[in-house]
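Here is the structure we will look at, set down as structure tokens.
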Amino acid sequence: QVQLVESGGGLVQAGGSLRLSCAASGRTFSNYAMGWFRQAPGKEREFVTAISRNGISTKYTDPVKGRFTISRDNAKNTVYLQLNSLSPEDTAAYYCAAVRALFEGSVYGAAASYGYWGQGTQVTVSS
């Protein structure tokens, strides 16, 4: 089992920044590729970004490219999501997820690939 706990969400004005963290426990963190998803009210959960086990490969959904940055610190068992230039359209609950990855460089964009999920942290962007 892998336990994931997100933190760092909050209320921010448009154009502002937040840094989300996801702390993992229970298994060897470096064996897991990680992802961030978000779900806005009335909408389906959508992929935001993902990072490989070794932190070298990343993947982003187009709306967040150039604004959001995913990173990880395997020594701290933590994955981060830096959110810059936020807009009201970014308002959502943000979830981190983990998948046991065979290859160090693999990244996963599909929610169905992930076996472990956190409880989410709310990001609200005011206009």
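Hydrogens, waters and symmetry mates are skipped; everything else that's a heavy atom, side chains included, is used. Here the structure is a predicted model, which is why all the values come from computation and not from measurement.
Within the structure, side-chain hydrogen bond (donor to acceptor under 3.5 Å, both in side chains) pairs that include any residue of residues 78-89 comprise S17-N84, Q82-N84, S87-E89, S87-D90 (at least two apart or interchain). For residues 25-50, the ring pair (Phe, Tyr, Trp, His ring centres under 6.0 Å) pairs, not counting sequence neighbours, are F37-F47, F37-Y114, F37-W117. For residues 82-112, there are no ring pair (Phe, Tyr, Trp, His ring centres under 6.0 Å) pairs, not counting sequence neighbours. A disulfide bond (SG atoms under 2.5 Å apart) check over residues 61-127, counting only residues at least two apart or in different chains, returns the pairs C22-C96. Within the structure, salt bridge (Lys or Arg N to Asp or Glu O under 4.0 Å) contacts touching residues 2-30 (residues at least two apart or in different chains) do not occur. The disulfide bond (SG atoms under 2.5 Å apart) contacts involving residues 29-91 comprise nothing, where partners must be two or more places apart or lie in separate chains. For the disulfide bond (SG atoms under 2.5 Å apart) condition, no pair includes a residue of residues 27-79, sequence neighbours left out. Counting only residues at least two apart or on different chains, no ring pair (Phe, Tyr, Trp, His ring centres under 6.0 Å) pair has a member in residues 55-76.
Rounded to the nearest 0.5 Å, atoms CZ (R72) and OG1 (T58) are 12.0 Å apart. Between atom NZ of residue K59 and atom OG1 of residue T49 there is a gap of 9.5 Å, rounded to the nearest 0.5 Å. In this structure, CG in N54 is found 9.0 Å from OG in S106, a value given to the nearest 0.5 Å. Taken to the nearest 0.5 Å, the CG atom of N31 stands 9.5 Å off from the CD atom of E104.
Across all non-hydrogen atoms, the minimal contact from V2 to A24 is CG1-CB, 4.5 Å. Across all non-hydrogen atoms, the minimal contact from S71 to V79 is O-CG2, 3.1 Å. The shortest heavy-atom contact between A14 and P88 is CB-CD, 4.2 Å. The minimum heavy-atom distance between L81 and L83, with the atom names listed, is O-CD1, 3.1 Å. Considering all non-hydrogen atoms of both residues, N74 and S30 come closest at ND2-CB, 3.7 Å.
Scored by the side chain to side chain contact (heavy atoms under 4.5 Å, CB included) test, S57 finds S52, V107 as partners (sequence neighbours excluded). For K65, the side-chain hydrogen bond (donor to acceptor under 3.5 Å, both in side chains) criterion is met by D62, not counting sequence neighbours. Taking the side chain to side chain contact (heavy atoms under 4.5 Å, CB included) definition, one finds that E46 meets it with R38, sequence neighbours left out. S25 meets the side chain to side chain contact (heavy atoms under 4.5 Å, CB included) test with Q3; sequence neighbours excluded.
A distance-only check finds no donor-acceptor pair linking the side chain of T91 to the backbone of T124 [under 3.5 Å]. One N or O on the side chain of R53 and one on the backbone of L102 form a donor-acceptor pair closer than 3.5 Å.
Hydrophobic clustering of Ile, Leu, Val, Met, Phe, Trp and Tyr side chains at less than 4.5 Å, counting indirect connections, keeps M34 apart from V99. Transitive grouping of hydrophobic side chains (ILVMFWY, heavy atoms separated by less than 4.5 Å) brings L86 and V64 into a common cluster.
The number of heavy atoms from other shown groups lying within 6.0 Å of CD (Q119) does not exceed 12.
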